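Report on one structure; see the data block that follows.
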Amino acid sequence: MIFKAILRVVSKLLIPPIMLFALYVQFHGDFGPGGGFQAGVIFASAFILYALIFGIDNARKVAPAWATRTLLSLGLLLYASVGVAGILLGGNFLDYSVLADNPVIGQHLGITLIEFGVGATVSGAMITIFFIFAHQDG
Amino acid sequence: MAVTALALVRLRNLFAVVMLAGVFSLLAAVLYVVLDAVDVAFTEAAVGAGITTVLMLGTLALTTSDEKAAPRKTLAPLLLVVATGAVLIYGTMDMPRYGDPNAPIHSHVAPYYLTRTGPDTGLPNVVTAVLASYRGYDTLGEVAVIFTAAVGVLILIGRSRRPKKKRKPADKKEAAQ
């Protein structure tokens, strides 16, 4: 599909808004529908679109294996360490109220952080699985 | 949705089956929107209709796109499915009416979440608060599941190319000898 001019141009136009929308869904999940899971999938779909149009090898240069694997692990690590931070600061595991002076702000901070962790893991997992299925060393 | 499901069962070309499965997911997402579950609909549309279809197409590229014709002996499974469906429908008879305010699901923890989310977390979206804060353990488990799935794929087929590459020169040497 490398020589289809219309597909190339349109996908180049589409990929930045897709990523922007993923970030919007990620950080606006507290207020509207959305959150880490959806944002991660949308973010991954931008990479998958790029890989479909421009070829797997080019996409691998944009998102190398070490980067997606790191993203995959960092998300879960961030989530769990927010939970452990709750213990260290004197609360229960995954108790966000102690993360800041004000419990409400602490909750908000904790939720934002773990949603970010969820998004990172989901997008990392989706990109990794797609690249492996597409005959490329993940 | 019923028509799509029937077509899914009848079709033999797996490419069309994957596409129809995507259509089915999209219809399910519409159904969730009708039921006011916007977050679930969002997930269904993104994961079910989007990523799953792409992954299935990738799998088809690895395998084959035509289903092998099954030998005809299908009365017993049909009876089993019909019986299970009948029992499930019988089970729904006991469920409270949709939207009934006295239903158990509305009187257990839901009022607590609905009334406490504002003061506790300051978030307008109750779904996010429940998902990330009140049920944080569950979500951590879900993320671990996704992580495990990706690691499983990595281990199973991600590395399979490297040993082959290493083995190839050795094979050539053996052949030359």
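Letters A, B, ... are given to chains in the order of the sequence lines, protein chains preceding strands, and every chain is numbered from 1. These numbers were taken from a predicted model, which means no experiment stands behind them.
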Could you state whether A/L113 and A/L89 fall into the same hydrophobic cluster, counting links through intermediate Ile, Leu, Val, Met, Phe, Trp or Tyr residues with side-chain heavy atoms under 4.5 angstrom apart? yes
More than 12 non-hydrogen atoms from neighbouring residues, nucleotides or ligands closer than 6.0 Å to OH on A/Y24, yes or no? no
At a heavy-atom distance under 4.5 Å, which candidate from B/T139, B/V151, B/L57, B/V38 has the highest pair count against chain A? B/T139
Run through A/V118, A/I129, A/V122 and flag the one making a side-chain contact (heavy atoms from CB on, under 4.5 Å) with B/I146. A/V122
If you count heavy atoms of other groups shown closer than 6.0 angstrom to CZ of A/F116, is the number above 12? no
Please identify, among A/A80, A/G110, A/G124, A/S73, the residue contributing the most non-hydrogen atom pairs under 4.5 Å to chain B. A/S73
Report yes if the side chains of A/T128 and B/V153 come closer than 4.5 Å at any heavy-atom pair, otherwise no. no
What closest approach, in Å, do A/F37 and B/V143 show between heavy atoms, and which atom pair accounts for it? CZ-CG2, 4.4 Å
Taking a hydrophobic cluster as the set of Ile, Leu, Val, Met, Phe, Trp and Tyr residues connected by side-chain heavy atoms closer than 4.5 Å, whether directly or through intermediates, do B/L156 and A/I127 fall within one such cluster? yes
Are A/R69 and B/L154 side-chain neighbours, meaning at least one heavy-atom pair lies under 4.5 Å? yes
Are B/V30 and B/Y32 connected, step by step, through hydrophobic side chains (Ile, Leu, Val, Met, Phe, Trp, Tyr) whose heavy atoms are closer than 4.5 Å? no
Joint hydrophobic cluster, A/L14 plus A/I6, side-chain heavy atoms closer than 4.5 Å: yes
Can you tell me which portion of A/I48 sits under 4.5 Å from chain B's heavy atoms? Options are side chain, backbone, both or neither. side chain
Of the listed B/L140, B/L55, B/T43, B/I51, the one with the largest count of heavy-atom pairs under 4.5 Å with chain A is B/L140
Restricting to non-hydrogen atoms, name the atom on A/V41 and the atom on B/A46 that form the minimum distance, rounded to 0.1 Å. CG1-O, 3.6 Å
So A/Q38 and B/D39, do their side chains get closer than 4.5 Å, heavy atoms only? yes
Check whether more than 12 heavy atoms from other residues, nucleotides or ligands sit under 6.0 Å from atom CE of A/M19, and answer yes or no. yes
So which of A/L76, A/V82, A/V25 has the biggest tally of heavy-atom pairs under 4.5 Å with chain B? A/L76
Below 4.5 Å, heavy atoms only, C-beta onward: do A/I42 and B/F42 meet side chain to side chain? yes
Quick one: do A/F43 and A/V62 end up in the same hydrophobic cluster if we chain Ile, Leu, Val, Met, Phe, Trp and Tyr together by side-chain heavy atoms under 4.5 Å apart? yes
